[in-house]
J.: 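Quick one: the structure is below, and I'll ask about it shortly.
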Amino acid sequence: MIHNHLAAAVQGKSTDWRISLAVAVVPALAAIVAAIIAARSARSAKKSEIDAQHLRDLEARISEKKYEVYKPMINLLKDILDRRSMSEDEFKSRISEFSAWVTIFGSDEAVRAFHHFMQSTYAGNTPPIVLMKLYAEFVLSARRDMGYPDTTINVRHFLGMRISDLYTDALFSKVDWPLADLCREVGWTPPWEQAPAP
């Protein structure tokens with residue numbers, strides 16, 4: 001009987017061998033397709049890994065450059081607060097150099113904060129509490145820009161490192177108010193909000 005089936009299959013009188021062959025070929029094709037997909041996925045994953053590493057390297061280089069940009073200005077402001085004497089020419093030179101680089105490498109927030117701080121120092125009549133707030137906001141924006149975008153440090157945390165009576169002197173009770181509210185409270189209008197003279 002088996003012999004008859006084989007003979008029939010050989011003579012083409014039976015389609016059983018075609019079904020058997022098809023059943024055997026389907027898993028082989030599935031294995032080949034799976035291997036091709038796995039190879040493509042591996043290549044894609046490797047490329048993604050290389051791209052991610054490239055991005056991390058680029059971010060590290062930018063972060064390092066930002067550190068180089070901000071460090072001299074932060075040191076200058078520290079020297080001023082420490083009442084270190086310096087000539088006006090030295091002060092202007094350090095400010096000018098920082099201004100040139102922060103506009104290239106600084107975030108929009110940091111450039112805006114530095115602009116506000118400098119404009120308030122140029123004004124000459126800026127209340128000290130506003131100057132301290134703007135100084136702290138600039139340093140905090142630099143901190144966010146250099147790699148801590150989700151920082152929860154605020155103006156009080158920063159000023160508290162330099163001002164011993166931050167929590168006891170009434171002068172500082174409003175330092176964490178929004179700038180517009182603080183300016184209204186002390187009766188000072190920021191230069192960037194004043195109408196130009198006709």
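Each residue takes its place number in the sequence, starting with 1.
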J.: In Å and rounded to the nearest 0.5 Å, what is the CG to OH distance from L140 to Y135?
T.: 10.0 Å

J.: Any salt bridge linking D89 with K92? Criterion: basic side-chain nitrogen under 4.0 Å from a carboxylate oxygen.
T.: no

J.: Check whether more than 12 heavy atoms from other residues, nucleotides or ligands sit under 6.0 Å from atom CD of E88, and answer yes or no.
T.: no

J.: Please report the interatomic distance OG(S141) to CZ(R143), rounded to the nearest 0.5 Å.
T.: 12.0 Å

J.: Taking the ring centre of each residue, are F98 and F138 less than 6.0 Å apart?
T.: yes

J.: Could you tabulate the donor-acceptor pairs under 3.5 Å formed by side-chain atoms of residues 163-172, not counting sequence neighbours?
T.:
unit_1 : atom_1 : unit_2 : atom_2 : d
T168   : OG1    : D165   : O      : 3.4
D169   : OD1    : L171   : N      : 2.8

J.: So, the side chain of S120 versus the backbone of T126: is there a donor-acceptor pair under 3.5 Å, distance only?
T.: no

J.: Check for me, please, whether Y148 and M161 land in the same ILVMFWY cluster - side-chain distances under 4.5 Å, paths through other members count.
T.: no

J.: Is the side chain of K133 donor-acceptor paired with the backbone N or O of K174 at a distance under 3.5 Å, no angle test?
T.: no

J.: About how many Å separate CG of D176 and CZ of R156, when rounded to the nearest 0.5 Å?
T.: 4.0 Å

J.: For N154, what residues pass the side chain to side chain donor-acceptor pair (under 3.5 Å) criterion, not counting sequence neighbours?
T.: H157

J.: Working to the nearest 0.5 Å, report the span between CD of E109 and CZ of R144.
T.: 4.0 Å

J.: Take atom CD of E90 as the centre, draw a 6.0 Å sphere, and report whether it contains more than 12 heavy atoms from other residues, nucleotides or ligands.
T.: yes

J.: Can you tell me if Q119 uses its side chain to pair, donor with acceptor, with the backbone of P190 under 3.5 Å?
T.: no

J.: Please work out which of the three classes, parallel, tilted or perpendicular, describes the rings of W192 and W188, given edges at 30° and 60°.
T.: perpendicular

J.: Kindly give the heavy-atom pair with the smallest separation between D145 and A110, and that separation in Å.
T.: OD2-CB, 4.2 Å

J.: Can you tell me how far apart CE (M132) and CZ (R162) are? Round to the nearest 0.5 Å.
T.: 12.0 Å

